[in-house]
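No hydrogens, no waters, no symmetry mates; every other heavy atom, side chains included, goes into these values. Naming: A, B, ... by sequence-line order, numbering from 1 per chain. Everything numeric in this text was worked out from a predicted model, so none of it was measured.
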2 protein chains.
Amino acid sequence: MARAEKKARSCPVHAFQKLVSGKYKLRIVWDLQSCPRRYGDIRRGLLVGQDGTKEIAARVLSRELKALCDAGILERKDYGELPLRVEYSLTLSGRSLLPVIESMHNWGFKHLV
Amino acid sequence: MARAEKKARSCPVHAFQKLVSGKYKLRIVWDLQSCPRRYGDIRRGLLVGQDGTKEIAARVLSRELKALCDAGILERKDYGELPLRVEYSLTLSGRSLLPVIESMHNWGFKHLV
DNA sequence: CAGCATCCTGCGTGATACTG
DNA sequence: CAGTATCACGCAGGATGCTG
């Protein structure tokens, strides 16, 4: 199921880190846990900086989404409608990532923030 | 317990990601789980690339270690001996990080590697 | 041995404009 | 609306040499 590059003997932690590298990948997955979302919804609302962060650049979001799709974490569904409508949702593999992110979330909530 | 910058309303996941940003921080913590280690031990053996990765640059390792110390994850103990001898160990806060890293490790081991 | 000081390079991120 | 095309830039990461 689409595991990109299976580096021979590399460290799992490092491999994981590389997979979710980038400022937004983890947050995207986390934000999709309850339901699929459209491109614009992910962009606005979810990633707009509550803490002063700027809105994510379209180009960046595109790349992160594409990377996640290529990694088999997300699925992209194009409805072929007009105006354009594309929805992103978690795959099974993506869902399996949620507990991991949750542990990060909880730790961060306790020790940081 | 040294929490650096407590960004007001920032996302815990993102805060966590920032804290452990860098290629080696997580692996360093992970490698220190069983016992304290010396600077050189961390550098050699542990971080030398089993998968072809080069040895970490001294400057980089220094920075990562310092950042982890500043974050209250690691503790630095200088024995004041000659030849120089410095040991790094996990603090309580650092230990609390282990389950989180473990979940990443397990996921990575299952889905990547 | 455990690091700093310097210099250098690539890539991740971002801003702006444009398109089907 | 959901992107792609360009251009620009800071900084993490690396290489080399030096020191107490």
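- With Glu64(B) as the fixed residue, the salt bridge (Lys or Arg N to Asp or Glu O under 4.0 Å) test singles out one of Arg59(B), Lys25(B), Lys23(B), Arg27(B): Lys25(B).
- You'll find that the side chain of Ser62(B) is closest to dC4(C), out of dC4(C), dT13(C), dA2(D).
- What separates CG of Leu65(B) from C1' of dA12(D) is a distance of 16 Å, to the nearest Å.
- Ion pairing between a basic and an acidic side chain is recognised when a charged N comes within 4.0 Å of a carboxylate O; Arg85(A) and Glu87(A) show such pairing.
- When rounded to the nearest whole Å, the span between CD1 of Ile42(B) and C1' of dA2(C) equals 11 Å.
- Of the candidate nucleotides dC1(C), dG14(C), dG3(D), dC1(C) has the atom nearest to the side chain of Arg38(B).
- The phosphate of dC1(D) has neither OP1 nor OP2 within less than 4.0 Å of any side-chain N or O from Arg37(A).
- Cation-pi contact between Lys18(B) and Phe16(B): absent, since separation from the ring centre below 6.0 Å together with deviation from the ring axis within 45° is not met.
- OP1 or OP2 of dT4(D) has not a single side-chain nitrogen or oxygen of Tyr39(A) nearer than 4.0 Å.
- Between the CG atom of Leu61(A) and the C1' atom of dG14(C) there is a distance of 13 Å, given to the nearest Å.
- For the pair Gln17(A) CD and dG12(C) P, the computed distance is 14 Å after rounding to whole Å.
- Not a single donor-acceptor pair under 3.5 Å links the side chain of Tyr88(A) to the backbone N or O of Val29(A).
- The side chain of Arg85(A) contributes no N or O atom lying less than 4.0 Å from OP1 or OP2 of dG3(D).
- Grouped with Leu92(A) in a hydrophobic cluster is no other residue, since no side-chain heavy-atom contact under 4.5 Å to another Ile, Leu, Val, Met, Phe, Trp or Tyr is found.
- One atom, CG of Leu68(B), and another, P of dG3(C), lie 13 Å apart when rounded to the nearest Å.
- One N or O on the side chain of Thr91(B) and one on the backbone of Gly72(B) form a donor-acceptor pair closer than 3.5 Å.
- Between the CG atom of Asp41(A) and the C1' atom of dC1(D) there is a distance of 11 Å, rounded to whole Å.
- Atom CG of Asp78(A) and atom P of dT4(D) are 12 Å apart (whole Å).
- Remark: Lys23(A) is in phosphate contact with dG14(C), judged by side-chain N or O atoms under 4.0 Å from OP1 or OP2.
- At distances below 3.5 Å, not a single donor-acceptor pair connects side-chain atoms of Arg43(B) with backbone N or O atoms of Glu55(B).
- In this structure, Tyr79(A) reaches neither bases nor backbone, as no heavy-atom distance under 4.0 Å exists between it and the strands shown.
- Computed from coordinates, the Lys18(A) NZ to dG13(D) C1' distance equals 14 Å when rounded to whole Å.
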Provide a list of protein-nucleic acid N or O atom pairs under 3.5 angstrom, restricted to nucleotides 15-20 of chain D.
none

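- Within 4.0 Å (heavy atoms only), Glu87(B) reaches no atom of the nucleic acid at all.
- Across all strands, Glu81(B) comes closer than 4.0 Å to no nucleic acid atom at all (heavy-atom distances).
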